[in-house]
Amino acid sequence: MPILEVRGLSKSYRQLGGDITLAIGDISCQVEAGEFVSFVGPSGCGKTTLLMSIAGLIAPSAGQIVVKGAEVKGPPPNLVLVFQEFNKSLFAWRSVLGNVLFGLHARGEHSRATGTKGETLIELVGLKGFENHYPWELSGGMQQRVAIARALAYEPELLLMDEPFGSLDALTRLELEDTLLRIWEELGTTILFITHDIEEAIYLSDRIWVLSRRPSRIIEELRIEFGRPRNQIVTRGAPRFMELRNEIYRLISDGGMGETN
Amino acid sequence: MRAAKLNGVLFLFGLFFLWEVVARAELVNPLIVPPLSKIFESFISLLWSGQIPLQILASLKRAAIGYLLAALVFISLGIVMGLFDRVYRALEVIVEMLRPIPPPVVIPVAMLFFGLEDEMKVFVIFFSCAWPILLNTMDGVKNVDPVLLHTARTFGLSRYKIIGQVILPASSPQIMTGLRVSLPVTLILVVISEMVGSTDGIGYFILDSQRRFRVAQMYAGMLSLAILGYLLNQLFNVLHRSLLFWHGGMLRRSR
Amino acid sequence: MKSINWTGWLVFAAVVVVWEVAGRSSPAVQFYIPPASQISGSLIQIIASGEIAGHVGTTLTRFVAGYLIAAVIAVTAGILLGYFPLVHSYLETLIEFLRPMPSVAIIPVAILLLGIGDGMIIAVTVYASLWPILINTLDGVRHIEPTLIHTGKTFGLGRWRILKSIILPAASPYIMTGLRISLAIALILVTTAEMIAGGKGLGFYILDEERSLRNSNMYAGIILVASLGYLLNRLFLLGELGLMKWRRGLVAEEVQ
């Protein structure tokens, strides 16, 4: 059974003036456990809405989200969403360790073992030694690592990431891509990744769904056959990488004709 | 920057010197503007004799009770009104009706109910601190960033846990703002209410000294009031910094 | 434009009704908090008889005089101090020294110097209203984006022109904030001084009616003062919106 099924998802909003905007047109797809999949699409195509719907934070207008056979009607217990604006999602009054343990504390786990879980993850994301620092003392990249560690400490089966590296500079982004892949390979979590950076999607994923402009539909599904572990120089240097990149680019720029707002 | 401070201090001392000279030379009526040295003398002797500390303590007691009571009641109310829009809308008209009332004008009402007792001043302070505390608390609660709330929900927190573990800490900077604004308001109103209707307290002391033409004493009282204001401010800042150490930094980061 | 808050008005009406019933049935309540009908009656009576007109006029005059004088002095001083940091450095310590003292403490000194008439009341109002305007104006002038001034200099603007066409507009939001805060402060000082000094004015009237145990009139007076404060506030906001057309969006938010 696929770990996630999206069936005919559609979402519309009522604007202040009374007009109805269709953010998501019709999306259906399936994700197998342990996969790393990405949604790529132009800005404003409803990617965030899609992720928030899957995460149970927004109710769909039509269609269903099914996680491990159960329909999603609220945030599912085995799923966590990592937001793009990390500085707004970290709890400023908690230390790095405090933030990372947040989800576990919420579940009622307060033992010594819990603390160790947190510390292990902090080390895994490369922030060893910063356990007692506070978010404002960290750089953007470090803050996002804390957010990722916090999500993973919860041991979710499904990790949703909404353009997590979008607000970071290019070099930090590359670093975090590799960190993420390393963690993914170690923990085996299923990851759903959203980005507008085509090359990032290709570099990270097993499969990519290309989304159209609003109202979004899936234009194309691509399977990425590069072996793992991936490498910033070798993988990105392969001719096939450029072919994929061009194909996706073409699909987005002429294929994705929908309403523009 | 040091040089600037030095300028200021020099100027101030120059002013003091001028005051002393002008007063001693009786260029102004010494009954109205006594020399600084005399004022200082009076201040020290009143401090030593315990007169000033006594009056200040009386004022402080009322101020503290009024302030803390207001904090308790209006922070709680503000949280409820911020979280539940229905409650806010129900109370909105009443709040907007009471807001424009200038606080001192409430003193006669308080006198009607409580005479000249401590309760009178406590009531006045309670009323005056209401709006800064209430409105800032409401604002803080309403403006918690949605991303923070989504994050808490994705980790499966129940509604009540979110209130306690996320909304309250996240709105505490704004709640602190309300409390900080209310501090000078408290001081002002305690002085006013003591001037209008009281038998003790620093406000009463200053006015009474003026009425008895004990002018040096009057100025000494004003000086102690200024010092009190300064100390309370510093105290608040210390508390603010230790409780909300995480806030200033976070603000700087997001710039 | 916000829609009418029916719930709020309903709750308010309910409170008034309960209050009315309680007032009519219990003499204690009637004494301490006369029912709305009685207070409205008093309000109409004191307005119609002209009894209150003098007091309102006096308070208003003192308020306007004190506020405007303070505004002129404080805005000018704030701009000067902000523009000439050297002058500011001399005065800074004095300002920091005087700030923590509640301005109302100045009333006894003022009585000593000026007696208990209009002059004293206006003087203390000016003193108290100075501070918020001065501090905010100073803040505004000192925190102007240096880029703006450099732009002016690049276009060859002289010192005076820069002040007029760049510094003043850029600092005006801060100045407006100070002016708005002082609106409330001025009213507080006028009413307070009137209560302490006596004679005429709404502050005195309210206190006097309480002393004479004419509680209904006292409350009526309070309603008048509150209405005065409210009207002055609305007037100010209208003026602010008009003057600050380029900040209309931001100002409109603050209006709420």
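What you see is a predicted model; the values in this text were computed from it and never measured. Only this structure's heavy atoms are used, side chains among them; waters, hydrogens and symmetry mates stay out. Labels below follow one simple rule: chain letters A, B, ... track the order of the sequence lines, proteins then strands, and each chain is numbered from 1.
- The greatest number of non-hydrogen atom pairs below 4.5 Å with chain B, out of C/Met195, C/Met218, C/Glu194, C/Glu210, is found for C/Glu210.
- The CD1 atom of B/Ile101 sits 12.0 Å away from atom OG1 of C/Thr191, with the distance rounded to the nearest 0.5 Å.
- Interface remark: C/Ala105 contributes backbone and side-chain atoms alike to the contact with chain B (heavy atom separation under 4.5 Å).
- Heavy atoms only, all atoms of each residue included: C/Arg211 and B/Val196 are closest at NH2-O, 4.4 Å.
- Remark: B/Arg86 pairs with no residue by the salt bridge (charged side-chain N to carboxylate O under 4.0 Å, His left out) rule, at least two apart or across chains.
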Determine all donor-acceptor pairs shorter than 3.5 Å in which one atom belongs to a side chain in residues 188-195 of chain B; sequence neighbours excluded.
from: B/Ser193; atom 1: OG; to: B/Leu189; atom 2: O; distance (Å): 2.7
from: B/Ser193; atom 1: OG; to: B/Val190; atom 2: O; distance (Å): 3.1
from: B/Glu194; atom 1: OE1; to: B/Ser59; atom 2: OG; distance (Å): 3.1
from: B/Glu194; atom 1: OE1; to: B/Ile202; atom 2: N; distance (Å): 3.1
from: B/Glu194; atom 1: OE1; to: B/Gly203; atom 2: N; distance (Å): 2.7
from: B/Glu194; atom 1: OE2; to: B/Ser59; atom 2: OG; distance (Å): 2.8
from: B/Glu194; atom 1: OE2; to: B/Arg62; atom 2: NH1; distance (Å): 2.6

Verdict with reasoning, C/Val15 to B/Ile94, per side chain to side chain contact (heavy atoms under 4.5 Å, CB included): CA-CA 9 Å; C/Val15 169; B/Ile94 298 179; 3.9 Å; yes

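- C/Asn233 does not touch chain B: none of its heavy atoms, backbone or side chain, sits under 4.5 Å away.
- Within residues 26-36 of chain C, the residues having any heavy atom closer than 4.5 Å to a heavy atom of chain B are C/Phe31, C/Tyr32, C/Ile33, listed by residue number.
- Proximity to chain C (any heavy atom under 4.5 Å) is shown, for B/Val95, by neither the backbone nor the side chain.
- Ranked by heavy-atom pairs shorter than 4.5 Å toward chain B, the options C/Gly8, C/Pro102, C/Pro108, C/Pro100 are led by C/Pro108.
- Using a 4.5 Å cut-off between heavy atoms, B/Met222 touches chain C through backbone and side chain atoms alike.
- Distance alone, capped at 3.5 Å, is enough to place a donor-acceptor pair between the C/Asn5 side chain and the B/Arg89 backbone.
- Inspection of non-hydrogen atoms places no residue of residues 58-65 of chain C under 4.5 Å from chain B.
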